Novice: 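Next up is a structure, given as structure tokens.
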Amino acid sequence: MKSSSFRRIAAVTTAAALILVGTTACGRGGGDSASGTKIVLAVSTLNNPFFVELRDGAQAAATAAGLQLNIVDAQNDSATQANQLATAASSGAKLVIVNPVDSDAAGSAVKALNTANIPVIAVDRTVNGATVASLVASDNVAGGKQAAVELATAMGEKGSVIDLQGVSGTSASRDRGAGFEEGMKAYPNITVVAKQTANFDRATALDVTTNLLQAHPEVTGVFAENDEMALGAVQALGSRAGTDVKVVGFDGTTDGLAAITAGTLAATIAQQPAELGKLAIELAVKTLAGEKVDATVPVEVVTVTKTNVGDFTK
């Protein structure tokens, strides 16, 4: 079971559910209940365990609230996502939850939803250039700083580091990178010798790390902006992972936690993807009911190492 430090966000309240049932969808008669109200969850990719967990958390909460949740997968293609958001606007969706492939690229499609008076909630990543009712996301800047502290400690506060960055244009990558860079300022004897995107993808990170290690064989640390890239780096490092090269990831996925237990990953900054999905649905319930919601809803991140990994695994 996970640690109590991961406070469970309360389930959708009975009162909120009753308010939602009392609302009517546009174009429906006053006798129709909102049970089955259609909303769309537009996910950047489901080829990543993190977003699978986010989807599952959202689906469970939507089922409990009596919402019809249509899930679409952009497969990390911003043009595909733009088309999916346009389809959502024309298919009777009353609200859209979006996890943008690209925070900038999603702006125009979300603006069209704004024009159509369809509320939008952003999850995990923000949308630039458009209005969202709320953003629910982990505190990625704080998490980046935590990663810097953990990596520096594992490295003995000296050495050289490779920084594997996520999908260019995403707020998650930008914020984690900014936090990591800020955190590393406290360690003058550590040098970041290379930064390169690996698109939050394990196979890409394997290739990128392999190439960077040829140029920088002296590397003693790797920071990856998600666990999938960290695990790709572990593959590239082979027997060096966890011994003379320390690797820190971000997300707290099942595979990442297993790598910590195995000793190949020094740490991960654990998010709560299922809770992000669940909370997005709870915010959708309130928004559809006409309630005011906070513009930003942060979710705690926690540093996981070998000393406390047992608290996060069964």
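The model shown is predicted, which means the values in this text are computed figures rather than measured ones. Values below: every heavy atom of this structure, side chains too, minus hydrogens, waters and symmetry copies. We count residues from 1, following the sequence as given.
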Novice: With no hydrogens and no angle check, is any side-chain donor or acceptor of K38 less than 3.5 Å from a backbone partner on S91?
Specialist: yes

Novice: Would you compute the distance between atom NZ of K185 and atom CD1 of I190 and round it to the nearest 0.5 angstrom?
Specialist: 15.0 Å

Novice: Donor-acceptor check, side chain of E291 to backbone of L283, threshold 3.5 angstrom: yes or no?
Specialist: no

Novice: Looking only at non-hydrogen atoms, find the nearest pair between A266 and A154 and report the distance.
Specialist: CB-CB, 4.2 Å

Novice: Please walk me through it: do I97 and L95 pass side-chain contact (heavy atoms from CB on, under 4.5 Å)?
Specialist: CA-CA 7 Å; I97 299 170; L95 181 142; 3.8 Å; yes

Novice: Please evaluate residues V98 and Q81 with respect to the criterion side-chain contact (heavy atoms from CB on, under 4.5 Å), reporting the C-alpha separation (whole Å), side-chain torsions for both, the decisive distance (0.1 Å), and the verdict.
Specialist: CA-CA 9 Å; V98 62; Q81 187 166 71; 4.1 Å; yes

Novice: Same hydrophobic cluster for I260 and V245, using side-chain heavy-atom links shorter than 4.5 Å among ILVMFWY?
Specialist: yes

Novice: Apply side chain to side chain donor-acceptor pair (under 3.5 Å) to residues Q59 and T63 and explain how you reach the verdict.
Specialist: CA-CA 6 Å; Q59 183 63 74; T63 299; 3.3 Å; yes

Novice: With E181, which residues qualify under side-chain contact (heavy atoms from CB on, under 4.5 Å), at least two apart?
Specialist: K195

Novice: Which pairs pass ring-ring contact (aromatic ring centres under 6.0 Å, His included) with one or both residues in residues 230-267, sequence neighbours excluded?
Specialist: none

Novice: Please check if the side chain of Q75 supplies one atom and the backbone of T45 the other of a donor-acceptor pair under 3.5 Å.
Specialist: no

Novice: Verify whether one side chain among Q84 and T80 offers a donor that lies under 3.5 Å from an acceptor in the other.
Specialist: no

Novice: With side chains defined as the heavy atoms from C-beta onward, is the minimum distance between V161 and V193 less than 4.5 Å?
Specialist: no

Novice: Cluster question for you: counting only ILVMFWY and a side-chain heavy-atom cut-off of under 4.5 Å, with indirect links fine, are I118 and V293 together?
Specialist: no

Novice: Output all residues satisfying salt bridge (Lys or Arg N to Asp or Glu O under 4.0 Å) with R174, sequence neighbours left out; order by chain, then residue number.
Specialist: none

Novice: Are L279 and V297 side-chain neighbours, meaning at least one heavy-atom pair lies under 4.5 Å?
Specialist: yes

Novice: If you draw a 6.0 Å radius around CG in D244, do more than 12 non-hydrogen atoms from other residues or ligands fall strictly inside?
Specialist: yes

Novice: As an exercise, state the distance from NZ of K278 to CD of E53, rounded to the nearest 0.5 Å.
Specialist: 14.5 Å

Novice: Report, one line per pair, each donor and acceptor closer than 3.5 Å where one atom sits in a side chain of residues 211-219; sequence neighbours left out.
Specialist:
{"from": "N211", "atom 1": "ND2", "to": "D207", "atom 2": "O", "distance (Å)": "3.3"}

Novice: Could you tell me the separation between the CG atom of L265 and the CG atom of L257, rounded to the nearest 0.5 Å?
Specialist: 9.0 Å

Novice: Restricting to pairs with a member in residues 106-121, which pass side-chain hydrogen bond (donor to acceptor under 3.5 Å, both in side chains), not counting sequence neighbours?
Specialist: none

Novice: Is there a donor-acceptor pair under 3.5 Å between the side chain of D102 and the backbone N or O of T170?
Specialist: no

Novice: Please step through side-chain contact (heavy atoms from CB on, under 4.5 Å) for the pair L164 and F200, ending with a clear verdict.
Specialist: CA-CA 9 Å; L164 296 178; F200 287 135; over 6 Å; no

Novice: Would a single hydrophobic cluster contain both L67 and V43, if residues Ile, Leu, Val, Met, Phe, Trp and Tyr are joined by side-chain heavy-atom contacts under 4.5 Å?
Specialist: yes

Novice: Return the minimal non-hydrogen interatomic distance between A233 and A205, and the atom names on each side.
Specialist: N-CB, 4.4 Å

Novice: With a 4.5 Å cut-off on side-chain heavy atoms, are N70 and L41 touching?
Specialist: no

Novice: Partners of T303 by side-chain hydrogen bond (donor to acceptor under 3.5 Å, both in side chains), sequence neighbours excluded?
Specialist: Q146

Novice: Answer whether the closest heavy-atom distance between the side chains of V110 and L85 falls below 4.5 Å.
Specialist: yes

Novice: Can you name the closest pair of heavy atoms from N48 and F50 and give their distance?
Specialist: OD1-N, 2.9 Å

Novice: Are any non-hydrogen side-chain atoms of T264 and V247 less than 4.5 angstrom apart?
Specialist: no

Novice: Using side-chain hydrogen bond (donor to acceptor under 3.5 Å, both in side chains) as the criterion, list what pairs up with S138, not counting sequence neighbours.
Specialist: Q271

Novice: Name the atoms and distances for all side-chain donor-acceptor pairs under 3.5 Å in residues 120-136, with sequence neighbours left out.
Specialist:
{"from": "R125", "atom 1": "NH1", "to": "P100", "atom 2": "O", "distance (Å)": "2.8"}
{"from": "N128", "atom 1": "ND2", "to": "D104", "atom 2": "OD1", "distance (Å)": "2.7"}
{"from": "S134", "atom 1": "OG", "to": "D294", "atom 2": "O", "distance (Å)": "2.7"}

Novice: Quick one: pull up NZ in K306 and OG1 in T261 and give me the separation to the nearest 0.5 Å.
Specialist: 7.5 Å

Novice: Any donor and acceptor pair, going by atom type alone, linking the side chain of T209 with main-chain N or O of L206 inside 3.5 Å?
Specialist: no

Novice: Using the test side-chain hydrogen bond (donor to acceptor under 3.5 Å, both in side chains), find all partners of D163 that sit at least two apart in sequence or belong to another chain.
Specialist: none

Novice: Name all pairs fulfilling the ring-ring contact (aromatic ring centres under 6.0 Å, His included) condition that reach into residues 148-187, sequence neighbours left out, sorted by first residue then second.
Specialist: F180-F223

Novice: Heavy atoms, side chains only, cut-off 4.5 Å: are I281 and L69 in contact?
Specialist: yes

Novice: Restricting to pairs with a member in residues 149-160, which pass side-chain hydrogen bond (donor to acceptor under 3.5 Å, both in side chains), not counting sequence neighbours?
Specialist: none

Novice: Less than 4.5 Å apart, side chain to side chain, heavy atoms only: is that true for V222 and V248?
Specialist: no

Novice: Report the C-alpha separation of R55 and L46 in whole Å, then their side-chain angles, then the decisive distance to 0.1 Å, and conclude whether the side-chain contact (heavy atoms from CB on, under 4.5 Å) test is met.
Specialist: CA-CA 8 Å; R55 175 203 65 188; L46 290 175; 4.0 Å; yes

Novice: Where the side chain of D139 meets the backbone of A142, is there a donor-acceptor pair that is under 3.5 Å apart?
Specialist: yes

Novice: State plainly whether one hydrophobic cluster holds both L113 and I39, where clusters connect Ile, Leu, Val, Met, Phe, Trp and Tyr through side-chain heavy atoms under 4.5 angstrom apart.
Specialist: no

Novice: Provide the closest heavy-atom pair for A230 versus A224 in the form atom of the first, atom of the second, distance.
Specialist: N-CB, 3.3 Å

Novice: Answer yes or no: is there a side-chain heavy-atom contact under 4.5 Å between S44 and F51?
Specialist: yes

Novice: Can K145 and D175 be counted as an ion pair, charged N to O under 4.0 angstrom?
Specialist: no

Novice: I'd like to know if V208 and L231 are part of one continuous hydrophobic network [Ile/Leu/Val/Met/Phe/Trp/Tyr, side-chain heavy atoms within less than 4.5 Å].
Specialist: no

Novice: State whether the side chain of T197 and the backbone N or O of N199 hold a donor-acceptor pair below 3.5 Å, judged by distance alone.
Specialist: yes

Novice: Which heavy atom in V285 sits nearest to a heavy atom in A65, and how many Å separate them?
Specialist: CG2-CB, 4.0 Å

Novice: Quick one: which residue pairs count as a side-chain hydrogen bond (donor to acceptor under 3.5 Å, both in side chains) with a foot in residues 221-231, not counting sequence neighbours?
Specialist: S173-E225, R202-E228, D227-T253, D227-T268

